[in-house]
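Read the numbers this way: they start at 1 and go in the same order the structure lists the ligands and their atoms. A quick note: this is a predicted structure, and the numbers were derived from the prediction, not measured.
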Amino acid sequence: MTDALPLVLVSRALPPGWLDRLEGRCEMLVGDADVAGFDSPLLEALPRAEGILCLLTERVDAALLDRAPRLRVVSNMAVGVDNIDVAACTARGIPVGHTPGVLTEATADLAMALLLSAARRLPEAARDAREGRWSTWSPTGWLGTDLHGARLGIVGLGKIGAAVARRARGFGLELVYASRSARPELEAELGLRRLLLPELLATSDMVSLHVPLDEHTHHLIDAAALRSMKPSALLVNTARGPIVDPDALEHAVRNGEIAGAALDVTDPEPLPPEHPLFARPEVLVLPHIGSATRGTRRRMAELAADNLLAGLRGRPLPHTVNPEVEPRARAPHRLGPSRGER
Ligand code: NAP
């Protein structure tokens with residue numbers, strides 16, 4: 001029994017090759033590729049599991065941890081860890097890994113795509129062209145908003161917020177931000193100006209959200225926040241769905257309190273097709289594809305695997321959200337040779 005490789009629960013099947021570096025270093029029990037959550041065989045194996053590699057669709061809470069007394073590492077294949085009860089992991093001495101950095105550029109690209117799509121009404125225009133409503137070049141058809149000269153308010157100037165700022169600068173937008181910490185180096189580099197959130201919301205032509213979801217940012221954009229925005233304003237959310245109150249958003253666009261929204265993330269996910277937000281032509285909804293490029297997703301999987309292996313070896317994780325937890329080794333020599341030793 002002690003000679004056995006550590007058991008790792010991989011919540012969802014990933015494409016061949018993405019987790020190659022785990023081969024021979026642990027025993028993997030892999031869940032269904034297309035079903036969110038831990039399926040029954042994985043739940044039954046929790047008492048033996050020493051590692052979990054999961055996606056943002058899996059909830060890792062205290063009840064689940066209580067069923068996994070041998071667990072020594074949780075590795076999330078996402079940068080956000082709102083699906084994980086980090087405090088419960090910390091209390092049990094379990095390090096939690098995540099995948100910052102590798103998805104920054106892809107997510108910033110998508111935020112710009114949403115900004116451009118909403119400003120220039122691409123979904124409506126494309127639908128009208130396809131469905132026969134393009135009768136002539138129209139001087140007043142599908143009029144949108146200029147990006148050049150507009151003010152973009154970035155909420156949360158971390159890695160992705162900064163990458164959006166770099167892109168937006170190239171489009172001639174005026175840049176302001178509201179964030180927990182000041183970023184003077186970025187202010188100097190990109191001409192950003194820091195504002196308090198109420199002023200940012202009241203004065204921006206476009207607002208892009210890049211804060212993590214936690215108890216401080218849940219419904220950060222609520223009815224009052226939306227009412228305070230310009231009637232011409234556009235809201236872009238590539239962060240997490242519950243940062244925006246969806247009922248308040250639907251009310252705000254229906255009543256012209258803001259001009260439109262473009263959402264990569266929603267609450268709930270998936271957003272049911274009958275949800276009133278889908279009925280609003282001013283709202284564009286994507287199925288949470290911020291990091292969805294082949295290269296980025298593969299790099300996320302590899303980083304998640306590196307975090308997992310470090311935890312199993314009792315070594316510091318390359319990227320963890322609870323660095324105060326000291327990883328616990330079981331039998332490092334039984335995890336197979338490290339990459340350099342092969
Ligand atoms: P990050 O580098 O940690 O940046 C987050 C920024 O938000 C930091 O500057 C942080 O301030 C700031 N912040 C945190 N709490 C705040 C608050 N209450 N009020 C104001 N600012 C606050 O993270 P990131 O890599 O840019 O990712 C941001 C989020 O994007 C992730 O948490 C994830 O949920 C989401 N995301 C979504 C997708 C997608 O597929 N759509 C892909 C990747 C990431 P400090 O500097 O003081 O910490």
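Not close to ligand 1: Pro100, with no non-hydrogen atom less than 4.0 angstrom away.
Residue Gly158 has at least one nitrogen or oxygen atom sitting less than 3.5 Å from a nitrogen or oxygen atom of ligand 1, judged on distance alone. Polar contact with ligand 1: present for Ser181 (N/O pair, distance under 3.5 Å). When only interatomic distances are considered, the shortest N/O to N/O separation between Asp214 and ligand 1 does not fall below 3.5 Å. An N or O contact shorter than 3.5 Å links His288 to ligand 1 by distance. Between Leu213 and ligand 1, not a single N/O pair is under 3.5 Å apart. Backbone and side-chain nitrogen or oxygen atoms of Thr104 are examined, and none is located within less than 3.5 angstrom of a nitrogen or oxygen of ligand 1.
By the 6.0 Å contact criterion, CG on Leu196 is open, its count of non-hydrogen atoms from other residues, nucleotides or ligands being 12 or less.
Among all protein heavy atoms, the one lying closest to atom 21 (N) of ligand 1 is Arg180 N, 3.1 Å. Annotation: atom 16 (C) of ligand 1 to nearest protein heavy atom, Val211 CG1, 3.9 Å. Closest to atom 17 (C) of ligand 1 among all protein heavy atoms lies Thr217 CG2, 3.9 Å.
Contacts between Asp264 and ligand 1, counted as non-hydrogen atom pairs separated by less than 4.0 Å, involve the side chain only.
With Glu174 as reference, Arg151 is the one residue of His148, Arg169, Arg151 to meet the side-chain hydrogen bond (donor to acceptor under 3.5 Å, both in side chains) rule. The side chain to side chain contact (heavy atoms under 4.5 Å, CB included) test with Val73 is passed by exactly one of Val96, Leu309, Thr320, Leu312: Leu312.
Ranked by closest heavy atom to atom 37 (C) of ligand 1, the top entry among Thr238, Val164, Thr107 is Thr238.
Distances below 4.0 Å separate heavy atoms of Leu103 from the following atoms of ligand 1: 43 (C).
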